[in-house]
J.: 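The structure follows.
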Amino acid sequence: MAPRAGNPRLLRGALIALGAVLLGAAYGTTLFPTPLAARIEPAIGVVGVDAGKSLAWILRTKRGVVLIDAGMDQDAKAILGELGAEGVSPAQVQAILITHAHPDHWGGAAAFRGAKVYAGAGDVALLKGEAKLKGPLSSMLGGMMPAPLAAVEAVQDGQVLELDGEEIRAVSLPGHTPGSTAYLWKDLLFTGDALLGKGAAEVTRAPWLFCEDAAQARRSLEKLRDVPFTRMADGHIGATADARSKLIRLLRK
Ligand SMILES: [Zn+2]
């Protein structure tokens with residue numbers, strides 16, 4: 001039976017739902033931090049650019065680059081601009097490592113057709129449009145999802161990827177999304193939103209509202225105690241020095 005338009009309980013329910021969505025969106029906008037700079041260089045051969053609501057990291061390899069995340073901008077303008085300035089053509093993007101399936105981290109991926117896309121096994125279905133986000137902001141974030149990707153290679157915890165001469169280790173950190181994955185290159189850990197910089201002295205977790213499973217995301221961070229990184233490049237703030245010590249301080253809280 002179709003509900004009657006004049007039903008006050010239904011109307012109240014709809015208004016509460018609308019209010020919750022609007023509050024969530026407002027909260028999201030204020031909490032989603034802007035990067036420390038539009039262009040960041042955390043190490044020789046690594047540049048981060050503000051690629052639309054998040055940072056995309058460009059890692060130089062033998063014949064081109066590997067991207068860690070691809071921003072929200074589906075035209076990938078900032079990434080293409082940086083590649084152009086470095087004399088790298090879009091076809092030289094060898095691979096894209098996606099830290100997680102939230103829409104602000106992979107919108108530009110489809111702009112690099114020659115690149116192989118990798119993501120944590122738990123997020124592959126989200127990226128292919130075969131599953132939906134379920135967290136508190138799923139309706140807002142779900143509505144922002146880019147067109148599904150045709151091919152995504154699943155990476156497993158501890159898997160070492162050999163990408164055009166560079167060795168990168170996947171570290172599964174489920175919780176923020178089911179397949180959230182950090183990528184370790186030398187002593188630099190690309191964390192996505194699993195761990196974020198905060199000022200000069202701290203690192204922090206993403207707000208629970210953005211997490212598919214915030215309790216699991218907290219537990220996952222314990223695992224980083226044993227990962228040999230010193231520097232961190234995250235998905236929204238920038239680069240953080242001495243990041244492992246800062247993480248250990250966070251875990252004590
Ligand atoms: Zn996220």
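Both counts, for ligands and for their atoms, begin at 1 and track the order of listing.
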J.: Counting backbone and side-chain atoms alike, is an N, O or S atom of His105 positioned under 2.8 Å from the Zn ion (ligand 1)?
T.: no
J.: Should the heavy atoms of other residues, nucleotides or ligands under 6.0 Å from NZ of Lys77 be counted, would the total exceed 12?
T.: no
J.: In degrees, rounded to 10 degrees, what angle do His102 atom ND1 and Asp193 atom OD2 make at the Zn ion (ligand 1)?
T.: 170°
J.: Heavy-atom count check: over 12 atoms from other residues, nucleotides or ligands less than 6.0 Å from Arg218 CZ?
T.: no
J.: Atom CZ of residue position Arg225 - does it have more than 12 heavy atoms of other residues, nucleotides or ligands inside 6.0 Å?
T.: yes
J.: Checking only N/O/S atoms, does Asp104 have one that is under 2.8 Å from the Zn ion (ligand 1)?
T.: no
J.: How open is the angle at the Zn ion (ligand 1) from atom NE2 of His176 over to atom NE2 of His100, rounded to 10 degrees?
T.: 100°
J.: Flag the pair Arg39 and Glu41 as a salt bridge only when some basic side-chain nitrogen lies within less than 4.0 angstrom of an acidic carboxylate oxygen.
T.: yes
